[in-house]
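Just follow the structure's listing: the first ligand is 1, and inside any ligand the first atom is 1.
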Amino acid sequence: MKTGIFISGTGSNMEAVIKNFQKGSIPGVSEISFVLSDKKSAPGIEKAQKLGIHTIVLPKMKEESREEYEIRLFEAVRPFDTGLIVLAGFMKIIGSTFLSRYKGKIINIHPSLLPSFKGVDAQTQAFDYGVKISGCTVHFVDETLDGGPVILQKAVERYDSDTADDLKHRILEQEHRLLSEAVSIVAQGKYTIKGRLVLLERR
Ligand code: GRF
């Protein structure tokens, strides 16, 4: 399955997916067709180029509405005909204009055990709350914020000696593994969705 990746920043999850794909360890993915960033300054863009991936930079213009932006977004990625779009630190909320055109084909990585700690800076939210366990989640994207059906989750322990950055770093390490695994499951179609539950074929 042809796959595209959306980013806004560092792109370490994107890099992990591309490197795993290039090593041949993401069965089901036939090509990483593009990396798209809504931020010109995203360091991930250069990383993607160094890995030989086509890049697209598409910032939202101040004067355009979300709908107008999402139509441009759709027009930018449509020619690639990807069966899967991976949000890897893409900081824009995607609305129905784009979603309706890629229904069930967009997944996102979030750095908490959803439904806890939705939204930005989830690791710090969890840290400040004083949780003993946090982690990361890969889920399908729907119209709700960080609310679509969960594909995979991984728990990460918070140690008493942790700073918020320590916890963030250990969660990120797990994100890098979990995202490639989820991409592979979805690209191979090894799941069925029953209500909110994503049933995985035995791995
Ligand atoms: C990750 O923690 C991801 O879960 C969140 O944004 C961060 C992006 O990091 N959505 P990177 O750009 O992949 O390094």
Side-chain angles (χ1 to χ4, degrees), residues 3-22 26 29 32 34-51 53 55-60 73 84-95 98-99 102 106-129 131 133-158 162-186:
T3 300
I5 306 178
F6 285 9
I7 63 166
S8 296
T10 315
S12 69
N13 278 289
M14 167 217 77
E15 192 175 19
V17 170
I18 295 171
K19 285 186 172 166
N20 285 331
F21 167 71
Q22 291 178 340
I26 312 195
V29 173
I32 305 286
F34 62 83
V35 166
L36 179 144
S37 171
D38 65 318
K39 296 264 184 303
K40 274 193 191 124
S41 55
I45 282 293
E46 205 184 314
K47 289 182 190 161
Q49 286 166 349
K50 282 194 178 142
L51 290 163
I53 306 296
T55 57
I56 305 166
V57 177
L58 197 79
K60 180 178 173 304
L73 195 58
L84 175 62
I85 290 181
V86 179
L87 308 185
F90 187 64
M91 297 308 284
K92 275 207 163 26
I93 294 173
I94 295 189
F98 190 85
L99 275 178
Y102 279 91
I106 309 178
I107 67 172
N108 179 48
I109 176 98
H110 184 78
S112 75
L113 292 178
L114 289 170
S116 294
F117 309 116
K118 296 180 177 182
V120 294
D121 220 353
Q123 308 93 323
T124 309
Q125 290 184 51
F127 183 87
D128 290 346
Y129 192 87
V131 299
I133 294 173
S134 192
C136 46
T137 303
V138 183
H139 62 92
F140 284 105
V141 175
D142 65 11
E143 265 133 55
T144 60
L145 174 69
D146 298 326
V150 169
I151 304 164
L152 289 176
Q153 291 188 301
K154 179 76 184 175
V156 173
E157 199 173 342
R158 175 245 183 87
D162 272 353
T163 62
D165 269 354
D166 294 335
L167 180 62
K168 198 170 180 169
H169 182 76
R170 284 208 314 286
I171 292 174
L172 192 62
E173 279 176 1
Q174 295 306 321
E175 289 183 46
H176 293 165
R177 296 175 196 191
L178 202 71
L179 185 56
S180 294
E181 197 183 338
V183 167
S184 185
I185 289 167
V186 176

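- Environment of CD in Glu46: sparse, with no more than 12 heavy atoms of neighbouring residues, nucleotides or ligands closer than 6.0 Å.
- Residue Asn108 places no N or O, backbone or side chain, under 3.5 Å from any N or O of ligand 1.
- The salt bridge (charged side-chain N to carboxylate O under 4.0 Å, His left out) search around Glu173 returns none, not counting sequence neighbours.
- For the pair Gly11 and ligand 1, the shortest N or O to N or O distance falls below 3.5 Å.
- Numbered from 1 in the order shown, with element, the atoms of ligand 1 that lie under 4.0 Å from a heavy atom of Gln123 read 2 (O).
- When each of His176, Glu175, Lys47 is paired with Ser12, the side-chain hydrogen bond (donor to acceptor under 3.5 Å, both in side chains) condition holds for His176 and for no other.
- Ligand 1 has no atom lying under 4.0 Å from any heavy atom of Lys168.
- Considering only non-hydrogen protein atoms, atom 5 (C) of ligand 1 sits nearest to Pro111 CD, 3.9 Å.
- Nearest protein heavy-atom contact of atom 4 (O) of ligand 1 is Glu175 OE1, 2.6 Å.
- Here the heavy atom of the protein found nearest to atom 9 (O) of ligand 1 is Asn13 ND2, 3.9 Å.
- Of the protein's heavy atoms, Ser12 OG, 2.5 Å lies nearest to atom 14 (O) of ligand 1.
- Residues Thr163 and Asp165 bring no donor and acceptor atom of their side chains to less than 3.5 Å of each other.
- Across every non-hydrogen atom of Ala126 and Ser134, the tightest pair is CB-OG, 3.7 Å.
- Nearest protein neighbour of atom 6 (O) of ligand 1, counting heavy atoms only, is Gly89 CA, 3.6 Å.
- Checking each of Leu172, Ile5, Leu178 against Asn13 for a side chain to side chain contact (heavy atoms under 4.5 Å, CB included) leaves exactly one that passes, namely Leu172.
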- Query: Run the side chain to side chain contact (heavy atoms under 4.5 Å, CB included) check on Ile94 and Leu87 step by step: do they pass?
  - Reply: CA-CA 10 Å; Ile94 295 189; Leu87 308 185; 3.9 Å; yes

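- Of the N or O atoms in Ile109, one or more lie within a sub-3.5 Å distance of an N or O in ligand 1.
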